[in-house]
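So that the names make sense, note that chain A is the first sequence line, chain B the second, and so on, each numbered from 1. The figures that follow rest on heavy atoms only: side chains count, while hydrogens, waters and symmetry mates do not.
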Protein chains: 2
Amino acid sequence: MPLEIKPSQALRLWRQVHLDLVRDGQADLSARQTAILLTVYLELPPHTVRGLAQQLGVTKPVITRALDTLGKLGLLTRKRDEQDRRNVVIQRTVAGALAVERLADLVTERAREAGGG
Amino acid sequence: MPLEIKPSQALRLWRQVHLDLVRDGQADLSARQTAILLTVYLELPPHTVRGLAQQLGVTKPVITRALDTLGKLGLLTRKRDEQDRRNVVIQRTVAGALAVERLADLVTERAREAGGG
DNA sequence: GGCTAATGATACGGGTCCGTAACGATCGGA
DNA sequence: TCCGATCGTTACGGACCCGTATCATTAGCC
């Protein structure tokens, strides 16, 4: 069941949600950080720095730094992989799950309002 | 006609579009910059620094700096208001209009794919 | 043990952005 | 003309992020 949405609706939705995020005083995440956060919470674990770098098409330091920031915000954590101690596994947190859930509700609600255009 | 979308669909859509933006090597815009850009292109002119600051709930320097960056990227321009030379009018550009249009298409297409979940 | 390969983190110089405060330019009315 | 109000911008010290190159640690294999 495809999701029917017109370009004008899409833009209104995109704008309104971003306005909400800014006004709610949420952390001003960049597109990269948002992509990382949602990938960790939507895709099946395990998530590694290298894997994320490949998925986003960016270098590893970009991921490391984004994880620093997102970790500082409490949205996710890192843990050594005990099977292969070279790896670091990125894990979800309660605060991160709440933030993602809040975003989902925000988009859903704004989508309802953005109808008919 | 409201836009029916489930939270899980909303999140998949949000993630996929952000992934596309990152992978396409677009400028890594923050939520604030995106909100400003779309406001200028969706709302009726004229747009001023003060007006944008009020709409976003941020201070004026935040808008000035965002306009510096977005202007450097060619996504919009500033012009003195000749009626009241204290004011600066933010104007759209061809490159900006194209970028916004591309975003609209991106969201629309990904929405189609994000259906059924 | 010694080698290579792979992982994630760090160093570096440079750019951007933050919030607060101050600034110059401009308007409008006394 | 002068003076307060308003506009957008800039200064400041500090924090974050960039891309490239390099690093220490670990794994796996001989």
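The 5' end of DNA chain D is approached more closely, in terms of each residue's nearest nucleotide, by A:Lys72 than by the other of A:Lys72 and A:Arg85.
Judged as a salt bridge (charged side-chain N to carboxylate O under 4.0 Å, His left out), and not counting sequence neighbours, the contacts of B:Arg110 are B:Asp20, B:Glu113. Applying the salt bridge (charged side-chain N to carboxylate O under 4.0 Å, His left out) criterion to B:Arg78, with sequence neighbours excluded, gives B:Asp68. Residues satisfying the salt bridge (charged side-chain N to carboxylate O under 4.0 Å, His left out) test with B:Arg23, not counting sequence neighbours, are none.
One finds no side-chain N or O of B:Gln33 lying less than 4.0 angstrom from the OP1 or OP2 phosphate oxygen of C:dT16.
Listed by first and then second residue, the ring-ring contact (aromatic ring centres under 6.0 Å, His included) pairs that reach into residues 8-35 of chain A are A:Trp14-A:His18, A:Trp14-B:Trp14, A:Trp14-B:His18, A:His18-B:Trp14, sequence neighbours excluded.
With 3.5 Å as the limit, one finds a donor-acceptor pair spanning the side chains of A:Asp28 and B:Ser30.
Atom CG of B:Leu56 and atom C1' of C:dC17 are 15 Å apart (whole Å). Nucleotide C:dC18 holds its P atom 7 Å from the CG atom of A:Asp28, rounded to whole Å.
Of all nucleotides in DNA chain D, those with any atom nearer than 4.0 Å to a heavy atom of chain A start and finish, going 5' to 3', at D:dC16 to D:dA27.
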List, with names and distances, any nitrogen or oxygen atoms from the protein found under 3.5 Å away from nitrogen or oxygen atoms belonging to nucleotides 6-12 of chain C.
{"unit_1": "C:dT7", "atom_1": "OP1", "unit_2": "A:Arg50", "atom_2": "NE", "d": "3.2"}
{"unit_1": "C:dT7", "atom_1": "OP2", "unit_2": "A:Arg50", "atom_2": "NE", "d": "3.0"}
{"unit_1": "C:dT7", "atom_1": "O3'", "unit_2": "A:Asn87", "atom_2": "OD1", "d": "3.3"}
{"unit_1": "C:dG8", "atom_1": "OP1", "unit_2": "A:Val49", "atom_2": "N", "d": "3.2"}
{"unit_1": "C:dG8", "atom_1": "OP2", "unit_2": "A:Arg50", "atom_2": "N", "d": "2.8"}
{"unit_1": "C:dG8", "atom_1": "N7", "unit_2": "A:Lys60", "atom_2": "NZ", "d": "2.5"}
{"unit_1": "C:dA9", "atom_1": "OP1", "unit_2": "A:Arg78", "atom_2": "NH1", "d": "3.0"}
{"unit_1": "C:dA9", "atom_1": "OP2", "unit_2": "A:Thr64", "atom_2": "OG1", "d": "2.9"}
{"unit_1": "C:dA9", "atom_1": "OP2", "unit_2": "A:Arg78", "atom_2": "NH1", "d": "3.3"}

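At most 12 heavy atoms of other shown residues, nucleotides or ligands fall within 6.0 angstrom of atom CD in B:Gln83.
For the pair A:Thr39 and B:Arg15, the minimum side-chain heavy-atom distance is below 4.5 Å.
Checked by atom type and distance alone, the side chain of B:Glu109 never pairs as donor or acceptor with a backbone atom of B:Leu106 at under 3.5 Å.
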